[in-house]
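This is the structure I have questions about; it appears just below.
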Amino acid sequence: MTCKIRLLSEETINQIAAGEVVERPASVVKELVENSLDSGASIIEVRLVEGGRQLIEVSDNGSGMSAEELKMAVMRHATSKIKAISDLDSIRTMGFRGEAMASIASVAHLTIISRPPDAEMGHILTFDEEGAIKIAPIGAPVGTLVRVENLFYNTPARQKFLRQAATERSHIVETVLRLAMGARHGTFKVTEDERRLLMIHDNKDEYKRVKEALEGMAKNGLYRLPPASYKGLTVSGYFAPPQDARRDNKALYVYVNGRMVRDRLLQGAVREGYRTLLPHDRQPVALIYLETDDGLVDVNVHPQKLEVRFSAPQDIYALIGRTLAKALALSPWLKHEAASVAEYKPQRLEEEGSSTAFLPYTPAASAAPAGKKTIYDFERVPAKVRPLISEPYSAALDRQVAENYNELLPEENSGYFATLEYKGQLARTYLLCEDKEGNLVIIDQHAAHERIRRQELAARPPDKLTQPLLFPEIMDLPANDYHRLAPYFSLLADLGIEVEPFGAQQLVVNSLPPGMKLDKKRIYELLQAIAISAGEDSTSRPIQDIKDHILATMACHSAVRAGDLLSEAEAVAILQKLDHMKAAPFCPHGRSIMMKLTRAELEKGVNRRV
């Protein structure tokens, strides 16, 4: 009987491995630039012909290789990065699998020229027609040059799936950009036919280097994310305002120990930081660095090293999300642009369970006169806040994160919105205001009050958390909404909504948070909205995430609405309270609350300016 199982040839094995490592020209560039970084290079140049399909050449000034090392470099599973299996728990290099050079050599014509610093001559490695290695001495500068020609020449089926040169070129530029941002130092240059495609200079000021690299992406400014540490984890980086958000996530750069990754957990954590500032279909512009102790991350889970696995994913998610959320809540871009906003001054945070980030509201002289009742109750924002965190690690984590923001807290009773001169209401929906430069500022009254209500609900102290209804309301809910709400009755009580079962699908609403003056219809709508919010993939979401969603829903249903007529006092009260809100320019669902029409734009519109 003929045996059906056979060993594959070495050539077939190499080409199968190449399929895992070499997807397109950008994959080759990634592997070669990573090797250059591991060699300690400070200058890396990439030269292309026809988008890398015809030629990819990567040169560096790194440590170079001897003739013996050159020969080993193109063998499968040969690497200088690890010596034993235990080294996989503490990998700090970019490459380590030892498959890249052998895989590239199996699908392209490969030439390597290299010289270590202690050698007078370099060596060149090529392959003859039978695939045998040839090494000869050659004059060369210190470092390594790798030339890859005619990619996929021997696999025409794969070659025909390559895109146009322009497409492949853009993938290469993006790859080098991501690697350069992960390296955090060094000069990177990409050219094609003597035309410069990318140039990133080595710069001692990392902020300037990052700003240069992200030019065109962070159009409204770039801001540092102060480092925050927790249990062997440290997060830092840079972020752009929500106004720069994109439809894709190509401007979201996430690194773990200097390695670029496409990890859903990490990207989700960054998105969580922006959650109340961006619509669901927008992605932020951010550059996030995560440093971990050895043993907390496994980088050996993906052939191209693009995915990682963490031993404590909840800690990482919380650290990134909350650090970024705290920075964004200060709306630094708005304060940076407004001349009327005071400089940041150092200020200590209070004890756990409170925060000076929630500043008390002081009514201005233009607010409603004493004793006069307005249609909406704009209450004071208390300085003391009740933490809405239940995970065991959260309190310590929040204290650690808070320490990084002692110098970022805004001065009390100073802000941008209070300087606006209220002019009137448009369509019972928009507040029309004029700023000090004569620009027209248009504010969505519902979105603005929704932001205020969101913070007031979260900041309410325990003794003012709930207010009993004079007549409890009985709600007859659909079965699916009832069962979605049932697991969260105690959570709703913590947020000031006290409900209890009253029959198969009925609830009795006994109390609501103060300020939520809702009729039976709006209470019903609120409970339905909370049911939908709490029920979305609730099994995998942190309790804090669910609380935040419920608070945003409560804020939406208790805020003024489009079509509500506001008095001048009510409109001015909204403006003044916005200065004490975290992330004031956005509603809790990420929608912008305002737009500005400059005086120049107005003059151009009426032909005063050409």
Side-chain angles (χ1 to χ4, degrees), residues 25-49 52 55-74 78-81 91-96 98 100-101 104-105 108 110-126 135-149 172-206 208-210 212-213 255 257-260 305:
S27 306
V28 175
V29 172
K30 175 180 179 293
E31 298 291 344
L32 298 183
V33 173
E34 285 182 344
N35 283 341
S36 295
L37 290 170
D38 288 340
S39 74
S42 61
I43 301 175
I44 301 174
E45 296 187 26
V46 180
R47 189 168 71 88
L48 309 173
V49 174
L55 172 69
I56 298 171
E57 189 176 272
V58 177
S59 60
D60 65 56
N61 65 342
S63 58
M65 293 177 284
S66 65
E68 182 181 358
E69 290 170 333
L70 267 178
K71 186 176 182 180
M72 292 289 293
V74 295
T79 180
S80 62
K81 318 298 172 59
I91 293 173
R92 291 284 172 166
T93 57
M94 301 298 291
F96 59 89
M101 300 307 293
I104 294 169
L110 178 66
T111 302
I112 307 177
I113 300 174
S114 191
R115 175 192 159 196
D118 57 353
E120 295 183 358
M121 294 284 291
H123 288 84
I124 179 171
L125 179 147
T126 57
I135 297 179
I138 190 174
V142 173
T144 302
L145 181 149
V146 181
R147 186 179 297 121
V148 178
E149 299 174 277
I172 290 173
V173 169
E174 174 64 19
T175 296
V176 176
L177 174 62
R178 286 180 176 271
L179 291 169
M181 291 297 93
R184 307 181 76 162
H185 71 278
T187 297
F188 292 75
K189 182 179 179 181
V190 182
T191 61
E192 183 175 49
D193 299 329
E194 306 303 323
R195 181 166 62 95
R196 182 181 296 177
L197 304 178
L198 178 69
M199 184 72 195
I200 299 177
H201 297 91
D202 200 358
N203 197 321
K204 292 182 180 179
D205 187 336
E206 185 180 75
K208 292 181 179 179
R209 188 172 186 271
V210 171
E212 176 188 34
Y255 298 87
N257 296 336
R259 183 187 304 278
M260 174 191 70
K305 304 180 290 293

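Position 1 is the first residue of the sequence, and the numbers go up from there.
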Q) Once you round to the nearest 0.5 Å, how far does CD1 of Ile135 lie from CD1 of Ile124? A)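 It comes to 10.5 Å.
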Q: Indicate yes or no: at least one non-hydrogen side-chain atom of Ile104 is less than 4.5 angstrom from one of Leu32.
A: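 In contact.
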**Q.** side-chain contact (heavy atoms from CB on, under 4.5 Å) between Leu48 and Leu55, intermediate numbers included
**A.** CA-CA 6 Å; Leu48 309 173; Leu55 172 69; over 6 Å; no
Q: Can you see which heavy atom on Gly62 is nearest to which on Val142, and at what distance?
A: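 Taking Gly62 first and Val142 second, the nearest heavy atoms are O-CG1, 3.7 Å.
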Q: Report the C-alpha distance between Leu179 and Ile44 in whole Å, list the side-chain angles of each, state the deciding distance to 0.1 Å, and finish with yes or no for side-chain contact (heavy atoms from CB on, under 4.5 Å).
A: CA-CA 11 Å; Leu179 291 169; Ile44 301 174; over 6 Å; no
Q. Any idea which heavy atoms bring Phe188 and Val33 closest together, and the distance?
A.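 In this case the closest contact between Phe188 and Val33 is CE2-CG1, 4.1 Å.
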Q | Residue pairs, two or more places apart or on separate chains, that pass salt bridge (Lys or Arg N to Asp or Glu O under 4.0 Å) and touch residues 172-190 | A |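 Every pair satisfying salt bridge (Lys or Arg N to Asp or Glu O under 4.0 Å) with a residue in residues 172-190: Glu174-Arg178, Arg184-Glu206.
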Q. Are Glu34 and Lys30 close enough that some pair of their side-chain heavy atoms sits under 4.5 Å apart?
A.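 Result yes, sub-4.5 Å side-chain heavy-atom pair found.
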**Q.** Nearest heavy-atom neighbours spanning Ile172 and Gly52
**A.**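 Minimum heavy-atom separation between Ile172 and Gly52: CD1-CA, 4.3 Å.
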Q.
Is the shortest side-chain heavy-atom distance between Asn61 and Ser42 below 4.5 Å?
A.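 Yes, at least one pair of side-chain atoms sits under 4.5 Å.
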Q.
Once rounded to the nearest 0.5 Å, what's the spacing between atom NE2 of His201 and atom OG1 of Thr187?
A.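 Between His201 NE2 and Thr187 OG1, I get 6.5 Å after rounding to 0.5 Å.
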**Q.** Contacts of Ala213 that satisfy side-chain contact (heavy atoms from CB on, under 4.5 Å) - sequence neighbours left out
**A.**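 Testing Ala213 for side-chain contact (heavy atoms from CB on, under 4.5 Å), a comparison that skips the adjacent residues, returns Leu177, Met181, Ile200.
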Q | Heavy-atom pair of closest approach, residues His123 and Ile138 | A |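 Heavy atoms of His123 and Ile138 come nearest at C-CG2, 3.7 Å.
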Q: Could you grab the distance from atom CZ of Arg115 to atom CG of Leu70, nearest 0.5 Å is fine?
A: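 It comes to 13.5 Å.
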(Q) Nearest 0.5 Å, please: how far is NZ in Lys208 from CG in Asn203? (A)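 Nearest 0.5 Å value for the CG-NZ distance: 6.5 Å.
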Q) Going from OG1 on Thr144 to CD1 on Ile113, what distance comes out if it is rounded to the nearest 0.5 angstrom? A)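 Thr144 atom OG1 to Ile113 atom CD1 measures 10.0 Å (nearest 0.5 Å).
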Q: Side-chain contact test, heavy atoms from C-beta onward, threshold under 4.5 Å: evaluate it for Val146 versus Met101 and give yes or no.
A: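 They are in side-chain contact.
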**Q.** Side-chain touch Leu145/Val58, heavy atoms, less than 4.5 angstrom
**A.**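 No; the side chains remain at least 4.5 Å from each other.
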**Q.** Minimum heavy-atom distance between Pro117 and Ser63, given as atom pair plus value
**A.**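 Shortest heavy-atom separation between Pro117 and Ser63 comes out as CD-O, 3.2 Å.
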**Q.** Separation between CZ of Arg147 and OG1 of Thr111, rounded to the nearest 0.5 Å
**A.**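 It comes to 5.5 Å.
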**Q.** Beyond-backbone contact of Met65 with Ile112, side-chain heavy atoms, under 4.5 angstrom
**A.**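 Yes; the side chains approach each other to less than 4.5 Å.
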(Q) If you compare all heavy atoms of Ala108 against all heavy atoms of Val148, which two are closest, and at what distance to 0.1 Å? (A)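 Answer, listing the atom of Ala108 first, then Val148: CB-CG1, 3.6 Å.
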